[in-house]
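Below, read A as the first sequence line, B as the second, and so on, with proteins coming before strands; counting in each chain starts at 1. Worth saying up front: this structure is predicted, and the values here are computed from it rather than measured.
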There are 2 protein chains.
Amino acid sequence: MSAPPLSDAMIDRVARRFRALGEPQRLRILQVLQQGPRTVGEVVAALAGNQPNISRHLQELHEAGMLRRRREGNSIYYSIGDPVVNELCALVCGCAQREMEAELAALRGDGNSTAAAKTN
Amino acid sequence: MSAPPLSDAMIDRVARRFRALGEPQRLRILQVLQQGPRTVGEVVAALAGNQPNISRHLQELHEAGMLRRRREGNSIYYSIGDPVVNELCALVCGCAQREMEAELAALRGDGNSTAAAKTN
DNA sequence: TGGCTATATGCTCATGCAAGCATATAATTG
DNA sequence: CAATTATATGCTTGCATGAGCATATAGCCA
């Protein structure tokens, strides 16, 4: 009872943002942009992807409200436009890492691990 | 240079979690579970969805490491198993709401809005 | 055991969407 | 203007996945 259920419109907005973050390639792009603003070409070079692909991912992140765009001469600089993005990534990275470590521990053979035991 | 780029395995784990949150129906389920543990049937009743569909979404969230499962007699209780989930939702809800308000303000006709102006 | 309830699982269909190629637009320079 | 560089956009293909139906499994009770 902390809050009334969100409207469908809000749910969709929230889902869209999470979905934008749910693509490995886009997460890699964000990793690059965490070092500072980059042009499309620089991101392409950093990730060894092809240009149209990267360009579309950048647009997707931009339309999801996470990136800023700035034209400079012939180039376009993208940069992380909402500090929330960094927090989100940090949070999820943290628990993904804990999860990974738990699985490793389980593989090392202690039968009473916390996270990996399929408690079905 | 804050951190070395994450391994592909980590990227995939992180992406999976975000993807799990990137579905409107799953967000609604989480909203229900934020009020406390619920059986599958209770979630089904709360969302007016069909049972197999809800069950699958619950499993997906569970496998993504976000929900706990507890058998009680014939029923199975799912509950939010990682407080990070609440933080994530709160963060994204916050900025989605700001975005929505900005768009509304733009629609009301002030030409110098902050977030909605397509700065292309 | 059989019947009942609660949950999970095959299965199919339809949709979304990432990847990759070719090409179009935009801005710069000569 | 033409040529060049940087970015975006059509377009197709293939795969992932959500919805919905029927059915299977698991646990409870008589």
Closest nucleotide among [options] to the [X] side chain:
X     : options               : result
A/R19 : C/dC17, D/dT7, C/dT9  : C/dC17
B/H57 : C/dC17, D/dA19, D/dT5 : D/dA19
A/P52 : C/dC21, C/dA8, D/dT7  : C/dC21
B/N53 : D/dG20, D/dT9, C/dT28 : D/dG20

For [X] and [N], what is the distance between atoms [atom1] and [atom2] respectively, to the nearest whole Å?
X     : N      : atom1 : atom2 : value
B/N74 : D/dC28 : CG    : P     : 6 Å
A/E60 : C/dA19 : CD    : P     : 11 Å
A/I76 : C/dT25 : CD1   : P     : 16 Å
B/R16 : D/dA16 : CZ    : P     : 14 Å
B/R71 : C/dT7  : CZ    : C1'   : 7 Å
B/N50 : D/dA22 : CG    : C1'   : 12 Å
A/H62 : D/dA8  : NE2   : P     : 10 Å
B/L47 : D/dA19 : CG    : P     : 11 Å

Under a 4.5 Å cut-off applied to non-hydrogen side-chain atoms, are A/E42 and A/T39 in contact?
yes
Kindly say whether, by distance alone, the side chain of [X] makes a donor-acceptor pair under 3.5 Å with the base of [N]?
X     : N      : value
B/Q59 : C/dA8  : no
A/R56 : D/dG10 : yes
B/Q51 : C/dA8  : yes

Is a donor from one side chain sitting under 3.5 angstrom from an acceptor on the other, for A/Q25 and A/R28?
yes
Of all heavy-atom pairs between B/V32 and B/A46, which one has the smallest distance, and what is that distance?
CG2-CB, 4.0 Å
Which residue is it: B/H57, B/Q51, B/R56? I am looking for the one with a side-chain hydrogen bond (donor to acceptor under 3.5 Å, both in side chains) to B/N53.
B/H57
Between the side chain of B/R38 and the main-chain N/O of B/L33, is any donor-acceptor distance below 3.5 Å?
no
